[in-house]
Every structure is written in structure tokens, then in C-alpha cells.
Amino acid sequence: MNDRTQRFIEALFNESPLNRLPRGYGGGRIFDMPVMGVARGDDPIFLKFKEVVGPEHLTPAEMWLQSGFVDEGTLAGRLRIVSIVFPYVQRIRDESKAAEKFPAEIYSIGRNFANAFMNTVLEETVIFFQENGFRAMAGMLSPVFQIIVRQDPVRIYSKWSERHMAFAAGLGTFSLHEALITEVGCNVRIASVITDAPLQATPRRSDEPYANCLFYTSGKCKKCADRCPGQAITEQGHDKVACYLYGRVVEEEMTARLGAALKPHRRIIDGKEQISYPVGCAFCQFDVPCMDRNPVKKALP
Ligand code: SF4
Ligand code: SF4
């Protein structure tokens with residue numbers, strides 16, 4: 001079932017017109033080939049996420065039940081979380097390396113168009129499981145999903161963190177810039193589907209949360225901090241508020257430049273619907289050692 005699921009998702013990446021930039025930006029792909037991992041719903045790491053993300057962060061079983069599925073006692077052990085890594089293509093990365101202060105237009109367009117493609121991948125993967133006789137849903141598309149903002153101290157987090165799902169599925173680890181460094185780097189997007197299909201879990205090599213980041217493993221690097229125009233990264237980590245504030249500066253500039261080309265994105269923040277036009281930022285992900293690989297991975301003998 002793992003191989004069939006992987007092949008199904010790969011076909012979507014190859015064939016979907018939504019995985020394409022507009023013609024004015026060359027019409028090429030937004031994302032290269034996906035990487036897939038699987039976590040078990042009863043992995044104890046999901047309880048740990050309530051401590052490290054926030055108490056409202058949901059386990060897969062909680063997300064499943066709160067989204068309307070009816071089930072009995074042994075549910076968690078039957079659920080699987082299919083985490084999908086979406087790596088940006090080389091052209092977007094190459095043009096982004098040269099950008100200063102504001103992102104390359106091709107990245108902002110790709111970042112904005114990516115949401116529609118990611119939603120389609122999730123919807124189609126849910127249908128794929130249903131057509132094979134199983135149940136499935138996507139946490140990110142559930143009405144239960146929302147972003148939570150807390151004061152004193154200010155904290156911004158979601159009820160379903162895709163980076164944490166990918167960590168659980170063994171796809172990567174966290175980093176100084178608070179992204180996930182996968183085997184294909186940190187310049188990726190991530191999404192997931194929950195299903196009761198009998199998939200094999202993909203093991204984590206380690207539960208060490210920062211194993212792939214050069215700063216945490218050797219005290220060196222910090223290139224992401226040097227690259228950040230919003231001064232949002234220090235040796236203490238990633239300052240979400242500073243990042244958010246610089247993101248608003250970027251959004252104002254890039255929506256003025258690209259407005260008519262951008263697609264709206266709906267999200268729920270603290271129970272209220274908001275429509276935004278995401279354009280990204282991500283200087284910290286371009287031209288850094290972890291952009292497109294795991295920089296800590298040892299060369300094979
Ligand atoms: S650029 Fe270096 S310090 Fe920053 S996240 Fe990547 S590996 Fe870690
Ligand atoms: S997204 Fe932009 S502001 Fe936020 S940490 Fe990365 S480079 Fe800095």
C-alpha cells in the first residue's frame with residue numbers, strides 16, 4: 001500500500017496543472033518530486049507535541065474524531081499519518097538566492113500558487129484511500145484546523161503542525177530557523193493525510209529534534225540568521241513575532257507588485273476567518289547549507 005500511495009502522489013505532482021507556474025513565469029513546475037513518510041497514530045510522540053507546540057495541538061485520533069468520524073477504543077493504533085514533502089524546483093531556488101530585501105517574484109508566485117496544488121493533493125489522496133475501501137481526511141482541510149495566537153508571552157501555533165507530522169514520520173528534524181530539514185532540504189512545503197489504510201510506518205532514525213541542523217550539532221553555520229532581513233533568527237532560535245512582522249512588510253510590497261496574479265487563501269485564526277494572499281519570504285531557506293539537502297548527513301563509505 002505504501003508504494004501504491006507513493007506512486008499515486010507522484011503522478012499528481014507530474015500531471016496536475018496546478019503544479020505549474022503561470023506562463024509569464026515560464027510555465028514550469030512549482031514542486032519537484034515528493035517525499036512520503038508514514039507515522040502510526042498511536043506513536044507516543046503525538047502526546048509530546050502537546051507540550052512542545054501547545055496544549056491545543058491535536059493527536060491524530062483527536063483530529064479524526066473532532067472532524068466527525070465515529071470510532072471506538074483501538075482507533076489510534078489503526079490510524080496512519082501520511083506526511084508529504086513538497087520540494088521547490090531548482091529554478092525557484094536559483095532566482096531566490098539573488099533576491100535582496102524582497103523575495104524573487106517567481107518564488108512569491110510559486111509560494112502563492114502552491115496552496116491550491118497542496119489542497120488538491122490532499123483532496124485527491126483522500127479520494128484515493130476512499131476508493132480503495134478506507135477512510136481518510138486531511139487535518140489541514142478540516143474545519144477543526146485553526147491557528148492560535150496567545151499573549152504573554154506571544155505565541156503563534158496551529159492545532160495541527162505539518163512539520164511535526166513530518167518529524168513523526170521520520171522525514172526530517174527541526175532547525176535554528178524553525179523549519180524542517182528533510183533529506184531534500186528545508187526549502188519545502190509539507191502536508192498530510194490521516195487514514196485507516198494499513199500502511200507501514202517509516203521509522204525515525206532518531207528522536208533528537210535538531211539532528212539535521214549544523215548549528216545544533218556543531219555550533220557552526222547560522223547562515224540562515226545572516227540571510228534573514230527581519231533579524232528574526234538568533235542563537236536563541238527563531239522569533240516568530242519578528243518573522244511575522246517582516247512577513248507583513250514583504251506582503252505589502254509583493255501584493256502591490258503581483259496583486260492581480262495572486263490567489264486568495266482562507267484560514268481561521270482564533271476562530272475568525274481571514275482571507276490572505278500569501279507571498280512567502282524564506283530568505284532563511286535560500287543559499288544556505290540546508291536548502292536542498294540534509295547538511296549533517298554523513299557521506300556513505
Ligand atoms: S542554515 Fe545552518 S544553522 Fe540555519 S538551519 Fe540551516 S543548517 Fe541550521
Ligand atoms: S521567513 Fe523571512 S523573516 Fe522569517 S525567519 Fe525566514 S527570512 Fe527571516
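Each ligand, and each atom within it, is numbered from 1 in the order the structure gives.
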A.B. asks: With a 4.0 Å cut-off, would you call E95 and R91 a salt bridge?
C.D. replies: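 Yes, this pair counts.
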A.B. asks: Strictly below 4.0 Å, N to O, side chains only: are R135 and D71 in salt-bridge contact?
C.D. replies: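 Looking at D71 together with R135, the answer is yes, because their closest N to O distance falls below 4.0 Å.
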A.B. asks: Of the protein's non-hydrogen atoms, which lies at the shortest distance from atom 7 (S) of ligand 1, and what is that distance?
C.D. replies: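 Looking at atom 7 (S) of ligand 1, the protein heavy atom closest to it is L214 N, 3.4 Å.
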A.B. asks: Tell me yes or no: between the side chains of N2 and Q200, is some donor less than 3.5 Å from an acceptor?
C.D. replies: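 The criterion, which ignores hydrogens and geometry beyond distance, is not satisfied for Q200 and N2.
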A.B. asks: Students often mix this up, so state it plainly: with edges at 30° and 60°, are the rings of F8 and F128 parallel, tilted or perpendicular?
C.D. replies: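 The rings of F8 and F128 lie parallel, inter-plane angle below 30°.
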A.B. asks: Among the protein atoms near atom 6 (Fe) of ligand 2, how many are N, O or S and lie under 2.8 Å away?
C.D. replies: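 That number is 1, waters not included.
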A.B. asks: Tell me yes or no: between the side chains of Q231 and Y246, is some donor less than 3.5 Å from an acceptor?
C.D. replies: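 There is no such pair (donor and acceptor under 3.5 Å, judged by atom type) between the side chains of Q231 and Y246.
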A.B. asks: Looking only at protein heavy atoms, identify the closest one to atom 6 (Fe) of ligand 1 and say how far it is in Å.
C.D. replies: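 Closest protein heavy atom to atom 6 (Fe) of ligand 1: C290 SG, 2.4 Å.
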A.B. asks: Under a 4.5 Å cut-off applied to non-hydrogen side-chain atoms, are S158 and Q146 in contact?
C.D. replies: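 The answer is no, as the side chains (C-beta and beyond) never meet within the 4.5 Å cut-off.
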A.B. asks: Hey, do the aromatic rings of F215 and Y210 have their centres closer than 6.0 Å?
C.D. replies: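 No.
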A.B. asks: Compare M291, E235, K222 and give the one whose heavy atom is closest to atom 3 (S) of ligand 1.
C.D. replies: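 Closest candidate by heavy-atom distance is K222.
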A.B. asks: Taking N, O or S atoms only and a limit of 2.8 Å, check whether C213 reaches atom 2 (Fe) of ligand 1.
C.D. replies: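 False for C213.
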A.B. asks: Locate the shortest heavy-atom distance separating R20 from P17; write the atom from each residue and the value.
C.D. replies: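 Heavy-atom minimum between the residues: CB-O, 3.2 Å.
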A.B. asks: With atoms numbered from 1 as shown, which atoms in ligand 1 lie under 4.0 angstrom from a non-hydrogen atom of S175?
C.D. replies: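 Those qualifying, in numeric order: 5 (S).
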A.B. asks: Tell me which protein heavy atom sits closest to atom 2 (Fe) of ligand 1, plus the residue, atom name and distance to 0.1 Å.
C.D. replies: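 Sorting protein heavy atoms by distance from atom 2 (Fe) of ligand 1 puts C221 SG, 2.2 Å first.
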A.B. asks: Against heavy atoms of F215, which atoms of ligand 1 measure under 4.0 Å?
C.D. replies: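 Per the distance check, 3 (S).
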A.B. asks: Listed by chain and number, what are the ring-ring contact (aromatic ring centres under 6.0 Å, His included) partners of W160, not counting sequence neighbours?
C.D. replies: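 Applying ring-ring contact (aromatic ring centres under 6.0 Å, His included) to W160 gives none.
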A.B. asks: Short list, please: which atoms of ligand 1 are under 4.0 Å from a heavy atom of V288?
C.D. replies: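 Counting atoms of ligand 1 from 1, those under 4.0 Å from V288 are 1 (S).
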A.B. asks: Does the pair F286 and Y107 meet the rule for a ring-ring contact (aromatic ring centres under 6.0 Å, His included), with working shown?
C.D. replies: CA-CA 11 Å; F286 294 113; Y107 167 69; 5.3 Å; yes
